Visitor: 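What follows is a single structure, and I will ask about it in a moment.
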Amino acid sequence: MVDKYKADQHLADVRRQMLLEDVGIAERLALPHLKHAKGILLMGQDYESFGGVGIPTGASAAGFGEMSNSEKSVWVACRLWAVCQKIKSDKSPGAAAGQTLDKYKGWLKDLESHRKKSSKGGESKRKYSEDLNMLIKEVISTLKSEKVEIIKNEVFKKLQGEARGVIEKIELKEDKLLVSWSSEDARNPDRTESIGKSAISKRVSMIISRT
């Protein structure tokens, strides 16, 4: 019985050591993104939940689809770092620890791969992007308010139905703008992009900061 206990303990120690080696790799992967984090994220009692900060790098996944690729990397890196710290403090990390670590490590690697492809020209801006910025500038020029939040709300509402250049139409559907644009790419007949209010707000902020 004693020998079996020692054998089981030895196997558990070996597994933990291997997991800690993976943690070291994961920390090095996450670390460059943490300088942009807006707070320290913590893990809950298990490997399923997070907490600590209620901001974009915090526990909420709301708006993830509208983040830029770099913002998504920070979001995932914060979770990966939190997983690593929990594993390091866990004397007996089970299978869930390794699964969660692999999940966020793989996710961050995929984002990094996507970013590198984009920087090499693997992905281009949507064709409507510059025309949408022009429309936003025109709406801003008609507004009397100088308060940025009011301007953001007004721009979002007044963009409906406008058209310019390659943009065929802009429709409001619930809390999203559906932008349809002309395309000559037969491989991509879907020419409608769903844009959330926060994405338009970021464009407004960018345009105002440059004027």
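Sequence positions, counted from 1, serve as the residue numbers for this chain. The analysis underlying the following values was restricted to heavy atoms, covering all of them including side chains, and did not include hydrogens, waters or symmetry mates. Model, not experiment: these values are computed from the prediction.
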Visitor: Can you check whether Met134's main-chain N or O pairs, donor with acceptor, with Glu138's side chain at less than 3.5 Å?
Guide: no

Visitor: Please find the pair of heavy atoms, one from Gly98 and one from Leu19, that lie closest to each other, and give the distance.
Guide: CA-CD1, 3.9 Å

Visitor: For a ring-ring contact (aromatic ring centres under 6.0 Å, His included) with Tyr104, tell me which candidate from Trp81, Trp75, Phe50 qualifies.
Guide: Phe50

Visitor: Is there a path of hydrophobic side-chain contacts, each under 4.5 Å between heavy atoms of I, L, V, M, F, W or Y residues, that connects Ile195 with Leu178?
Guide: no

Visitor: Would you give the length of the straight line joining atom CD1 of Ile151 to atom CD1 of Ile136, rounded to the nearest 0.5 angstrom?
Guide: 12.0 Å

Visitor: What are the two closest heavy atoms between Ser180 and Thr192, and how far apart are they?
Guide: OG-OG1, 3.2 Å

Visitor: Say whether Val179 and Leu172 are linked into one hydrophobic cluster, either directly or through other cluster members, by side-chain heavy-atom distances under 4.5 angstrom.
Guide: yes

Visitor: Can Met206 be reached from Leu177 by stepping across I, L, V, M, F, W or Y side chains whose heavy atoms are under 4.5 Å apart?
Guide: yes

Visitor: Does any non-hydrogen side-chain atom of Ile207 lie less than 4.5 Å from one of Lys137?
Guide: yes

Visitor: Are Lys157 and Glu154 ion-paired here, with the side-chain N under 4.0 Å from a carboxylate O?
Guide: yes

Visitor: Please find the pair of heavy atoms, one from Leu108 and one from Ala30, that lie closest to each other, and give the distance.
Guide: CD2-CA, 3.9 Å

Visitor: Considering all heavy atoms of both residues, which atom of Gly196 and which atom of Lys176 are nearest to each other, and what is their separation?
Guide: CA-CD, 3.8 Å

Visitor: So Val204 and Lys152, side chain to side chain contact (heavy atoms under 4.5 Å, CB included) or not? Walk me through it.
Guide: CA-CA 6 Å; Val204 172; Lys152 289 178 179 180; 3.9 Å; yes

Visitor: Once you round to the nearest 0.5 Å, how far does SG of Cys84 lie from CG of Asp22?
Guide: 9.5 Å

Visitor: Could you grab the distance from atom CG of Asp175 to atom CZ of Phe156, nearest 0.5 Å is fine?
Guide: 6.5 Å

Visitor: Do Leu80 and His33 touch side chain to side chain, with heavy atoms closer than 4.5 Å?
Guide: no

Visitor: Do Leu31 and Trp107 share a hydrophobic cluster (ILVMFWY, side-chain heavy atoms under 4.5 Å, transitive)?
Guide: no

Visitor: Which value, rounded to the nearest 0.5 Å, describes the distance between Leu101 atom CG and Lys103 atom NZ?
Guide: 12.0 Å

Visitor: Are Ile87 and Ile25 linked, directly or through other ILVMFWY residues, by side chains that come within less than 4.5 angstrom of each other?
Guide: no

Visitor: Starting from the C-alpha separation in whole Å, work towards a yes-or-no answer on salt bridge (charged side-chain N to carboxylate O under 4.0 Å, His left out) for Lys109 and Glu112.
Guide: CA-CA 5 Å; Lys109 283 184 176 180; Glu112 284 289 283; over 6 Å; no

Visitor: When you look at Leu132 and Leu159, which way does the side chain to side chain contact (heavy atoms under 4.5 Å, CB included) test go after all the steps?
Guide: CA-CA 9 Å; Leu132 182 59; Leu159 278 173; 4.2 Å; yes

Visitor: Give the minimum heavy-atom separation between Leu29 and Pro32, together with the two atoms involved.
Guide: O-CD, 3.5 Å

Visitor: Measure the shortest side-chain to side-chain distance between Leu143 and Lys158 over non-hydrogen atoms and say whether it is less than 4.5 angstrom.
Guide: yes

Visitor: Taking all atoms of both residues into account, what is the closest heavy-atom pair of Val155 and Ile140, and its distance?
Guide: CG2-CG1, 3.9 Å

Visitor: Side-chain contact, heavy-atom cut-off 4.5 Å: Leu42 with Gln85?
Guide: no

Visitor: For the side chain of Ser89 and the backbone of Lys86, is there at least one donor-acceptor N/O pair under 3.5 Å apart?
Guide: yes

